[in-house]
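Here's the structure, in structure tokens; my notes come after.
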Amino acid sequence: EVQLVESGGGLVQAGGSLRLSCAASGLTFDGRVIGWFRQAPGKEREGVSTLSVSDGSTYYADSVKGRFTIPSDNAKNTLYLQMNSMKPEDTAVYFCAAGHGIHHDRNIPYIRSLEVWGQGTLVTVSS
């Protein structure tokens, strides 16, 4: 079974840091694009960051540039989202996803050919 499982969500104060993990099973990251998306209450899901495993290219939403990074451990098929200097507006359910092909739309994180989503992990940033 192809599966992505996120972990690491929780409550953090504004200005703090959190690291999310996304462990893949039933697939490898080789040749894929992988990324993080989030959905805040009452809002649409948006791209946070995507990574092409093939060439290492990354894209970040403007709202997280300079604060978030998207490292991966391809040997462990695990993707991370390192979140620093967090803000209350970062509060959302965070999802990881994997797919193929194009991973941005006019530099906005996006995966055109999605294969699988994780179940999501809740991040709450208190002010």
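Computed from heavy atoms alone, side chains included, the values below leave out hydrogens, waters and symmetry copies. These numbers were taken from a predicted model, which means no experiment stands behind them. If you read the sequence from its start, that first residue is 1, and numbering goes on from there.
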query = CD/Q82 to OG1/T69 distance, rounded to the nearest 0.5 angstrom?
reply = 5.5 Å

task = Show your working on side-chain contact (heavy atoms from CB on, under 4.5 Å) between W36 and T50 and close with a plain yes or no.
result = CA-CA 6 Å; W36 291 95; T50 52; over 6 Å; no

query = Tell me the side chain to side chain donor-acceptor pair (under 3.5 Å) pairs involving residues 116-127, sequence neighbours left out?
reply = E6-Q119

ask   = What is the minimum heavy-atom distance between I111 and A97, and which atoms define it?
value = CD1-O, 3.9 Å

message = Determine whether V123 and L18 satisfy the following criterion, side-chain contact (heavy atoms from CB on, under 4.5 Å), listing intermediate values before the conclusion.
response = CA-CA 9 Å; V123 172; L18 207 59; 3.9 Å; yes

ask   = Where do P71 and L79 come nearest, in terms of heavy atoms and distance?
value = O-CD1, 3.6 Å

task = Treating Ile, Leu, Val, Met, Phe, Trp and Tyr as nodes and any side-chain heavy-atom pair under 4.5 angstrom as an edge, say whether I34 and M83 lie in one connected cluster.
result = yes

ask   = A61 and P109: which non-hydrogen atoms are nearest, and at how many Å?
value = N-CG, 3.6 Å

request  = Under the ring pair (Phe, Tyr, Trp, His ring centres under 6.0 Å) rule, collect the residues that match up with Y59, sequence neighbours excluded.
outcome  = H103, H104

note = By salt bridge (Lys or Arg N to Asp or Glu O under 4.0 Å), R67 pairs with (sequence neighbours left out) D90

request  = Just grab all the side chain to side chain donor-acceptor pair (under 3.5 Å) pairs involving residues 11-24, residues at least two apart or on different chains.
outcome  = S17-N84

key: Pairing residues for S63 by the side-chain hydrogen bond (donor to acceptor under 3.5 Å, both in side chains) criterion, not counting sequence neighbours   = R38

key: Residue list, side-chain contact (heavy atoms from CB on, under 4.5 Å) with Q39, at least two apart or on another chain   = R45, F95

request  = Report whether V116 and L81 are members of the same hydrophobic cluster (ILVMFWY, side-chain heavy atoms less than 4.5 Å apart, transitive linking).
outcome  = yes

ask   = Taking only residues two or more places apart in sequence, or in another chain, which ones meet A23 in a side-chain contact (heavy atoms from CB on, under 4.5 Å)?
value = T78

message = Under the rule for side-chain contact (heavy atoms from CB on, under 4.5 Å), what residues qualify as partners of D55, not counting sequence neighbours?
response = S52, S57

Side-chain donor or acceptor of T91 paired with backbone N/O of V125 under 3.5 Å = yes

ask   = From I70 CD1 over to S49 OG, what is the distance, rounded to the nearest 0.5 angstrom?
value = 3.5 Å

inquiry  = Run the side-chain contact (heavy atoms from CB on, under 4.5 Å) test on V2 and E115 for me, step by step, so that the C-alpha distance in whole Å, both residues' side-chain angles and the decisive distance to 0.1 Å come before the verdict.
reply    = CA-CA 9 Å; V2 175; E115 292 182 78; over 6 Å; no

ask   = If you look only at pairs with a residue in residues 63-90, which of them pass as a ring pair (Phe, Tyr, Trp, His ring centres under 6.0 Å), with sequence neighbours excluded?
value = none

ask   = With sequence neighbours left out, what residues match D62 under salt bridge (Lys or Arg N to Asp or Glu O under 4.0 Å)?
value = K65

inquiry  = Going by the rule side-chain contact (heavy atoms from CB on, under 4.5 Å), which residues pair with T28 if we only count those two or more places apart in sequence or in a different chain?
reply    = D30, R32, N77

request  = Mind jotting down which residue pairs meet the salt bridge (Lys or Arg N to Asp or Glu O under 4.0 Å) criterion with at least one end in residues 73-83? Sequence neighbours excluded, please.
outcome  = none

task = Of all the heavy-atom pairs spanning S72 and L51, show the shortest one and how long it is.
result = OG-CD2, 3.6 Å

Gap between atom SG of C22 and atom CG of L4 - 0.5 Å precision = 4.5 Å

task = Kindly indicate, with the supporting measurements, whether the criterion side-chain contact (heavy atoms from CB on, under 4.5 Å) is fulfilled by Y60 and V48.
result = CA-CA 6 Å; Y60 292 92; V48 176; 5.9 Å; no

